[in-house]
Amino acid sequence: MKTNKSLLSLAVACGLMSVATTANAAGFQLAEYSATGLGRAYAGEAAMADNAGSQWRNPALLTYLEGTQVSVGAIYVDPNIDIEGTSKAGSVPAHASDFAHDAVIPNFYLSHKYNDKFALGFALGTNYGMETDLGADFAAANHGNEASIITKEANLNAAYQLTPTVSIGGGVRYVMAEGSFGAVTPNHMAPLNGLTLKYMEGDDKAWGWQLGSLWQINDANRIGFTYKSEVELTLEGHARGLGFDKVGGSIFNPQQYAGSMDLALPATAEIATFHQVSEKVAIHTSINWTDWSSFKTLEANIPEFGANSSQLIKHENWEDNYRFAIGSTYQYNSKLQLRTGVAYDTSAVSEEHRTATIPETDRLWLSIGAGYQWSEQLSLDAGFTYIMAKDAKMQETRVDGAKPLTDPSDFGGNFEGEVTGSIWLIGVQANYTF
């Protein structure tokens, strides 16, 4: 099933960030691919060959992994996000507490060094996801009161060592996505409160690709670069609600329509460095870029509407986002490695375009972690991160170009508010070499 809704829910996911989180990375992007990297705030990932999970951020790192390796783990995400504001229709207070759901993000990785120069890898994880529920009594529910987006991704990767100092890698990505979005008339619109304005749900599957490279400058320093392609989705499913150009059925039971919505998961890139400062201490850094400027509008396509099949949901007008991270590892002894890191995510939305359904804002990461070599073949990792989201104002006003009675503000007024919050992350990882 695909749908306009999925896309919109993705949009909501954007601001709340990820499978139940609000903003672990910018938009609806998920950074949580391993507990190993979590402990250093994902600093230097495109240059760090810890275990089979390294291929997720840079497939060229497969040439650094000996033998056959398996890595499996999960990260628990606990977001605490609140919105306080006012619905301008009658100046009704609009409040939602802890509206982003908790989530567990699992992962699985397998690598195999075929010979001295060639290696293969397989990965299962996710790059995008979220689930939020502001409640039916949210006074700005006409602009959106529930949303979810779940993506699953499988990678098949390969890497080759071109020279003793340069490796390259690449892979294909198979992405499965599903989502939903809902908006209803708020309670202060009685006796018409609780009516569905827009409900959408759907899914799609699509292909993408990734490329990576690694330069071992000398024994103590290396640089990695990686690029993930844009993935184009057409979320197909069904839509219903009063907020469309044409409505069949009654006001209390609007007709359901088949529909779809195009969504492009943005391209990303990372440049990372690794520096072995001393026998025990290493420093690593990352700069990440995400092409969020490709996310301009949300449009639902309902073929049954004929010439008016394209339905404007809202303008988003996002902009490219950057992430800066620095971390360190300390080899305490032959078995125990300690990790720490700090990162800063810039918002993908400017102040004038931030909205209630996408409370996207800057984020500061503080991380610690550890790795323990249990035996010659088995190692265990754990990471902990606290994310502070910058308090940010938001607004939902009339949609430019919307026709009468298709605009959310027609069913409850404009909304102005502020989002506040924080996120706790804790992850564990087990790695085994055959």
Side-chain angles (χ1 to χ4, degrees), residues 3-6 8-9 11-13 15-16 22 81-101 131-148 179-201 237-257 259 298 300 302 305 311-315 354-359 393-421:
T3 190
N4 349 338
K5 152 221 172 164
S6 222
L8 197 45
S9 82
V12 176
L16 304 183
T22 12
I81 309 298
D82 301 330
I83 284 182
E84 291 282 355
T86 303
S87 175
K88 294 306 180 180
S91 297
V92 180
H95 170 77
S97 301
D98 198 15
F99 60 88
H101 294 185
E131 185 177 4
T132 60
D133 185 356
L134 290 93
D137 57 351
F138 181 54
N142 51 309
H143 295 283
N145 71 316
E146 61 169 302
S148 69
S180 64
F181 172 80
V184 299
T185 51
N187 287 344
H188 62 269
M189 291 294 291
L192 300 179
N193 56 302
L195 298 181
T196 299
L197 293 179
K198 290 179 181 176
Y199 180 80
M200 313 177 188
E201 70 175 43
H238 67 261
R240 60 184 173 85
L242 304 177
F244 295 112
D245 284 359
K246 298 181 179 180
V247 178
S250 71
I251 188 173
F252 296 101
N253 186 27
Q255 182 177 335
Q256 181 170 293
Y257 302 94
L298 293 172
I302 303 177
F305 287 4
Q311 304 283 300
L312 175 66
I313 303 298
K314 65 172 65 176
H315 295 289
R354 184 174 293 111
T355 63
T357 50
I358 310 181
K393 296 185 182 301
M394 64 185 62
Q395 59 181 348
E396 286 276 16
T397 58
R398 299 196 64 83
V399 177
D400 293 341
K403 298 179 181 180
L405 298 182
T406 66
D407 191 306
S409 293
D410 293 333
F411 299 92
N414 296 345
F415 169 72
E416 291 184 5
E418 184 177 44
V419 61
T420 61

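Throughout, numbering of the chain's residues begins at 1 and tracks the sequence. Atoms considered below: every heavy atom in the structure, side chains included; atoms not considered: hydrogens, waters and symmetry mates.
Residues forming a side chain to side chain donor-acceptor pair (under 3.5 Å) with E418 (at least two apart in sequence, or on another chain): none. The salt bridge (Lys or Arg N to Asp or Glu O under 4.0 Å) search around E416 returns K88, not counting sequence neighbours.
Although no hydrogens or angles enter the test, the distance criterion places a donor-acceptor pair under 3.5 Å between the side chain of N142 and the main chain of P408. Side-chain atoms of T196 do not come within 3.5 Å of backbone N or O of V184 as any donor-acceptor pair.
Taking every heavy atom of both residues into account, L134 and D137 meet most closely at O-OD1, 4.3 Å. Residue G412 comes nearest to P186 through the heavy atom pair CA-CG, 4.2 Å, listed as atom of the first residue, atom of the second, then distance.
Looking at H143 and S409, their side chains come closer than 4.5 Å, going by heavy atoms from C-beta outward. Side-chain contact between H188 and S87 is present, with at least one heavy-atom pair separated by less than 4.5 Å. Side-chain contact between L242 and L197 is present, with heavy atoms from C-beta onward closer than 4.5 Å. Y199 places none of its side-chain heavy atoms less than 4.5 Å from the side chain of Q256.
In this structure, F138 has its ring center at least 6.0 angstrom away from the ring center of F99.
One finds the OG1 atom of T132 at 9.0 Å from the CZ atom of F181 (value rounded to the nearest 0.5 Å). Distance CG/D98 to CD1/I81: 8.5 Å, rounded to 0.5 Å. Remark: D410 CG to M189 CE distance equals 9.0 Å, nearest 0.5 Å.
Below 30°, between 30° and 60°, or above 60°: for F305 and Y257 the angle between ring planes is above 60°, a perpendicular geometry.
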Notebook entry, point to check: Can I83 and M394 be said to form a side-chain contact (heavy atoms from CB on, under 4.5 Å), step by step?
Noted result: CA-CA 10 Å; I83 284 182; M394 64 185 62; 4.0 Å; yes

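Counting only N and O atoms by type, the side chains of N414 and T397 include no donor and acceptor under 3.5 Å apart.
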